[in-house]
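The next block holds one structure in the form of structure tokens; read it before the comments.
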There are 4 protein chains.
Amino acid sequence: MTLDAIFEATIQVLVADGPYRLTTTRVAKRAGVSVGTMYQYFPHKHSLFYAVNERYLDVLAEKLESFCQAHRGASIEQMVAGLVKTYWSAKAERPEVTRALYRSVAELDNEVLIEAFGRRADAATAAMFGSATDADFADLPTVILTLLSSIFGTVRNVFERDLEAAQVATLLRQLRLMCIAYLNAVKMPSLKGDAE
Amino acid sequence: MTLDAIFEATIQVLVADGPYRLTTTRVAKRAGVSVGTMYQYFPHKHSLFYAVNERYLDVLAEKLESFCQAHRGASIEQMVAGLVKTYWSAKAERPEVTRALYRSVAELDNEVLIEAFGRRADAATAAMFGSATDADFADLPTVILTLLSSIFGTVRNVFERDLEAAQVATLLRQLRLMCIAYLNAVKMPSLKGDAE
Amino acid sequence: MTLDAIFEATIQVLVADGPYRLTTTRVAKRAGVSVGTMYQYFPHKHSLFYAVNERYLDVLAEKLESFCQAHRGASIEQMVAGLVKTYWSAKAERPEVTRALYRSVAELDNEVLIEAFGRRADAATAAMFGSATDADFADLPTVILTLLSSIFGTVRNVFERDLEAAQVATLLRQLRLMCIAYLNAVKMPSLKGDAE
Amino acid sequence: MTLDAIFEATIQVLVADGPYRLTTTRVAKRAGVSVGTMYQYFPHKHSLFYAVNERYLDVLAEKLESFCQAHRGASIEQMVAGLVKTYWSAKAERPEVTRALYRSVAELDNEVLIEAFGRRADAATAAMFGSATDADFADLPTVILTLLSSIFGTVRNVFERDLEAAQVATLLRQLRLMCIAYLNAVKMPSLKGDAE
DNA sequence: CATGAATGAGGGTTCATTCAT
DNA sequence: CATGAATGAACCCTCATTCAT
């Protein structure tokens, strides 16, 4: 489908030439359509860029949601491990694309997108952790905000500092450790906690 | 001094108009100098941009270093609390500037800058935590990388999601909690630890 | 056609304003197109300039070739007279253009063009004089080089010194005389030469 | 002396960077003076350029004049040989300078200079050939014009086509031959001519 | 609907020239 | 007088956007 071709072309140009060289002509050519056609789908360059980000965050949110949905009732340790893995895998699948999008964010006023994504991630994660069989939290929203900020932020840092594979593996392990230590520190003492 | 005026003008334009609208003419006008003068100090737009970031990261690194220097031999709890506070304060001093610079990163190949900053932060923090009187770590570099990634990442997330003051305060408290929980989880059992 | 308009505009600007004032905007305006359009045909100013020269030399070379082709087997006197006339006529057709192009040479690294033109002129002229019925030359290439250098150089001098019509006519007559005297001086005594 | 330094610097920049990169700052720096000082000697760039050319042509004219002065009463063969040699040597002494100046001519309206030079060359040469002991010419001015146009033009052609040393030597020999053949063809039959 | 040539505002950069020191 | 930092008009070139075909 034309639209998909345009999206993919945008990402490819972004990765290959950087946000600075992302021109409508270049994208159109790579997508195999004319500029005119592209303007039928997107009224201006900005909207194209916006749509690409929207789509990207949408897919990401879906992955998180589907993971959270599937792991209700698990242990917080499983949840944390899975959450980190899910988020990292989604980002690491196409690292250059991830990096390119991280860097291209400047171009658009995407606060709306980020907020929407944040809300979805918060909600899904909160629902999952709320169903944990081995822990309860007095202020779940705060816990979730802390957890996600830490995970998302750390992952972003990895890409920014361009760490080596070995370092990344270690860091992700430590990240899990950190999150679990945190959750255990803030969870309420409960009967459920007996199994520990 | 002219140079400072240019720096400040760059930041102001960045904040007011965004990286996309950062043009040499605009910066020059706001700095109260001619384009020609600007080009006497910076061989091209890029270098101006780069210099601003370099300066910013330099100040940031210095603040971290001076804090770390001053708190050798403290407890890990004090270190964590101070580290978070120092980093956050530096970023929150001029929030719009911080946000503007976070977003402008895309424009320049600043991996070198980020790496240099990372190394300085790593070194200073490692030296401090290595001197902690109440904890020892088997793999200090990894612990530091994790700690800083988490702190830096989380702070960045705060700016990206544009959280409210109250949320921020809570989140920072939780962040300290999380870091301490992590450090306690990974520290080596030691004689020094007796006091715990 | 747009392209021809651009060529002609370039020449006109060159003539009217000189090579120093030949700007892309000026050419575009005179050609009745936008700068953007010009850049669709020529990747940069230089290439436009180059193309104009190329075209000019190409036409010139063709005229020489066609004359030489048509006068094989003639007498050297006819050849010389025709050669001078052909070259001069081509140059004198639009004297200001000729002068403008002579002066604009500095702007472009046109050694390649000049060499190419030189080779074509050499080849055509050599073929013609090689077929002369009343003379043979021991070292034809050298004779041709001398002949053409002298003719081309003299003509250039005329334009540079901006001689009056009467002087020009006289000079051209003398030039023919000089060339013929030279050829007679260097030609081999031969059976063909009997008629002399 | 400062002025000489500026002249030499101009030429060096011209040779090293081409007429396009000849900027006042660059010349001043190479001359070891400030732009301000340069503007004390030359009211604008153009005048500097003009002066350099003037000086160059002046030296050239002097060489021709002094040769012509010294060879009054010689044979036309000696005159021609010496004239070609003198002119060529002057040009070939610093070939890059010659080439650079040939190309830079476009920048300035130097018709005046060229005319002045032409007149001096004409006068000197005419006086010399008028004193030849072995030939008389009915229309000396025309003969001189032809002779000089041919010599000057041919030499220029050599630089333009960038011929090899061997070719150059041959060409110069032929040029002498051509000039002598011409002079012999147009000289008046005279008693002086007996020696022939 | 698709095309892609045409547009031209606006960007980065240069450099002849000035003038306070 | 010499200096060289400051100026800003003007240059070359790009690219988002339009619209006749």
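Note on naming: letters A, B, ... go to the chains in the order of the sequence lines (proteins, then strands), and numbering restarts at 1 for each one.
When distances are taken from the side chain of K45(C) to each of dA6(E), dG12(E), dC12(F), the shortest belongs to dC12(F). Side-chain atoms of S34(D) lie closest to dT3(F) of the nucleotides dT3(F), dG4(E), dT3(E). Nearest to the side-chain atoms of R21(A) among the listed nucleotides dC13(F), dC15(F), dA16(E) stands dC15(F). Comparing dA6(F), dA9(E), dC12(F) by their nearest atom to the side chain of T2(B) picks out dA6(F).
When heavy atoms are screened at a 4.0 angstrom cut-off, Y41(C) is found touching the sugar-phosphate backbone but no base atom. Residue contacts for L48(C): at a heavy-atom cut-off of 4.0 Å it reaches no nucleic acid atom on any strand shown.
Residue T37(C) places no side-chain N or O under 4.0 Å from the OP1 or OP2 atom of dA5(E). Look at T23(D) and you won't find any side-chain N or O under 4.0 angstrom from OP1 or OP2 of dC15(E). The side chain of T24(B) contributes an N or O atom lying less than 4.0 Å from OP1 or OP2 of dG12(E). Close to dG11(E), at under 4.0 Å from its OP1 or OP2, lies a side-chain N or O of R26(B). Contact between the side-chain N/O atoms of T25(A) and the OP1/OP2 oxygens of dC15(F) is not found at any separation under 4.0 Å.
Across the protein-nucleic acid pair, K29(C) atom NZ and dC12(F) atom P stand 13 Å apart, rounded to whole Å. Atom C1' of nucleotide dT3(E) and atom CD1 of I6(A) are separated by 14 Å, given to the nearest angstrom.
With DNA chain F read from its 5' end, the first of the two nearest nucleotides for V33(B) and V33(D) is the one closest to V33(D). Checking P43(C) against Q40(B), the closest nucleotide of DNA chain F that is more toward the 5' end is the one next to Q40(B).
Nearest heavy-atom pair across L57(D) and I114(D) is CD1-N, 4.4 Å. Looking at every heavy atom in both residues, F42(A) comes nearest to A51(A) through CE2-CB, 3.6 Å.
Look at dG8(F): its Watson-Crick or wobble partner, with both distances under 3.5 angstrom, is dC15(E). Look at dC1(E): it lacks any Watson-Crick or wobble partner with both distances under 3.5 angstrom. Pair assignment for dC13(F) gives dG10(E), based on Watson-Crick or G-U wobble hydrogen-bonding distances that are each under 3.5 Å.
Distance check: Q40(C) CD to T2(C) OG1 gives 10.0 Å after rounding to the nearest 0.5 Å. For the atom pair F7(C) CZ and I11(C) CD1, the distance stands at 8.5 Å (nearest 0.5 Å).
With respect to R99(D) and E111(C), no salt bridge is recorded, no charged nitrogen being found less than 4.0 Å from a carboxylate O.
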